[in-house]
Amino acid sequence: MSTDITKEIPEAATVPPPGAAPAKQKKVPQGHRRLLTRRDRLTLGLMATLPTILHIALVWVTALASIALAFTTWDGIGFDSIQWVGLQNFKELFEQNPQFWPAVQHNVIWFVVLIVIPTPLGLFLAVQLDKKIRFSRFYQTAFFLPVVLSMAVIGFVWQLVYNPDTGLINSIIGANEPGKYIDWIGDPDLNLWAILVAASWRHTGYMMILYLAGLKGVDPSLREASAIDGAGEWQTFKNVVFPTLRPTNTIVLVVTIIEALRAFDLVYVFNGGAEGTELLSILVTNNIVGESSRIGYGSAIAVVLLLISLVVIIPYLVATFRKERRA
């Protein structure tokens, strides 16, 4: 009798006693799914390794080599001709080179002109285009087109504009006749300012795009609140919009300083950095690539240019990193 009952309820033997923890169920192992194949990992490795090697070789190695060569004298023929001279190159640069301090002065003038004329003009254009006027896309393209062009191409274009015989400016003002010529490129009193006009023409579009991007990030509710309070357009811009452009202003300042320090191709196309247009970058090229091939001396000028750049770049990077940490 008891045997029959046990056969009828076989599940009773597997029921856990009251209060006992339920038995854990075994998970059925599932097959591991690879997200990246061997070919994908190889491709990603090459994409990360090759640019890194090129960056180190073309930027860091050359920069460190220039710093080392600045304390030597070398004509570029054979490594056995490299001779250590210490600070002699820098001493000669600061005390005996008649072109060095005019070049520094011209770089400073370049920066002042870019920050005073095209930067406010670019801000003005950005404010006007931010109002969503008709054909705004066309105007943006037209003003930004010089930024897309190569500086060498811009130099050739403005050479045609400044040509004494057939140039646009002399033809308009009647200075293309014998005895009335105005040599915009060869005159040391005019050539630097003529080149700065061409540089400002390009820099205006660059600043316009930077400020236009900054204006797109301004909260529209701030302008609406200012309008409700009765503020005019100028008061809204001065007290509400412009303070919010502080990060953009920092970027604009750094970009303008870098543009002033690395100015080279436009001047080189105009007149090769002759009298009145000396720049530090021109002096570096003339000493390293020129007939004298004073690579050590040219490297010393490049080190001075690097130090001036670091004075501007390092504070900007420190401020940027601090801002990211606070965020």
Using a 4.5 Å cut-off on heavy atoms from C-beta on, say whether the side chain of [Y] contacts that of [X].
X      : Y      : value
Leu305 : Asn107 : no
Met207 : Val255 : yes
Leu307 : Val303 : yes
Val147 : Ile209 : no
Leu93  : Leu283 : no
Ser299 : Ile67  : no
Thr256 : His203 : yes
Trp184 : Pro164 : no

(request) Could you tell me how the ring of Phe71 sits relative to the ring of Trp84: parallel (under 30°), tilted (30 to 60°) or perpendicular (over 60°)? (result)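 Answer is parallel, since the angle falls under 30°.
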Above 12 or not: heavy atoms from other molecules or residues under 6.0 Å from [atom1] of [X]?
X      : atom1 : result
Phe242 : CZ    : no
Phe111 : CZ    : yes
Glu233 : CD    : no

For a quick check under 3.5 Å, do [X] and [Y] share a side-chain donor-acceptor pair by atom type?
X      : Y      : answer
Ser226 : Asp229 : no
Asn191 : Thr277 : no
Asn249 : Tyr211 : yes

(request) Check step by step if side chain to side chain contact (heavy atoms under 4.5 Å, CB included) holds for Val318 and Ile314. (result) CA-CA 6 Å; Val318 171; Ile314 290 179; 4.2 Å; yes
(message) Determine whether a donor-acceptor pair (N or O, by modelled atom type, separation under 3.5 Å) exists between the side chain of Asn89 and the backbone of Ala70.
(response)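 Yes.
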(message) Using modelled atom types and a 3.5 Å cut-off, is there a donor and acceptor pairing between side-chain atoms of Asp187 and backbone atoms of Asp183?
(response)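 Flag not set: sc Asp187 to bb Asp183 has no pair under 3.5 Å.
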Say you draw a straight line from [atom1] of [X] to [atom2] of [Y]; how long is it, rounded to the nearest 0.5 Å?
X      : Y      : atom1 : atom2 : result
Leu212 : Thr248 : CG    : OG1   : 10.5 Å
Ser200 : Ile117 : OG    : CD1   : 5.5 Å
Leu129 : Phe135 : CG    : CZ    : 13.5 Å
Leu46  : Ile53  : CG    : CD1   : 9.5 Å

Is [Y] reachable from [X] through a run of hydrophobic residues whose side-chain heavy atoms are each under 4.5 Å from the next?
X      : Y      : answer
Leu306 : Val61  : no
Phe270 : Val113 : yes
Val116 : Trp110 : yes
Ile172 : Ile169 : yes

Determine all donor-acceptor pairs shorter than 3.5 Å in which one atom belongs to a side chain in residues 94-104; sequence neighbours excluded.
residue: Asn97; atom: OD1; partner: Gln99; partner atom: N; Å: 2.9
residue: Asn97; atom: ND2; partner: Tyr297; partner atom: OH; Å: 2.9
residue: Trp101; atom: NE1; partner: Phe94; partner atom: O; Å: 3.1

(request) Indicate the atoms forming the closest heavy-atom contact of Asn163 with Asp165, along with that distance. (result)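 Taking Asn163 first and Asp165 second, the nearest heavy atoms are OD1-N, 2.9 Å.
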(request) For Asp40 and Thr37, run side chain to side chain donor-acceptor pair (under 3.5 Å): C-alpha distance rounded to whole Å, both residues' side-chain angles, the deciding distance at 0.1 Å, then the answer. (result) CA-CA 5 Å; Asp40 294 336; Thr37 63; 3.1 Å; yes
(request) Using a strict 4.0 Å threshold on nitrogen-to-oxygen distance, state whether Asp265 and Arg202 make a salt bridge. (result)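 Not counted as a salt bridge, because no side-chain N and carboxylate O are separated by less than 4.0 Å.
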(request) Mind checking ring-ring contact (aromatic ring centres under 6.0 Å, His included) for Trp201 and listing every partner two or more places apart, or none if nothing turns up? (result)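 ring-ring contact (aromatic ring centres under 6.0 Å, His included) list for Trp201, sorted by chain: Trp158.
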(request) Please lay out, stage by stage, how Lys91 and Leu87 fare under the test side chain to side chain contact (heavy atoms under 4.5 Å, CB included). (result) CA-CA 6 Å; Lys91 183 178 179 180; Leu87 298 175; 5.7 Å; no
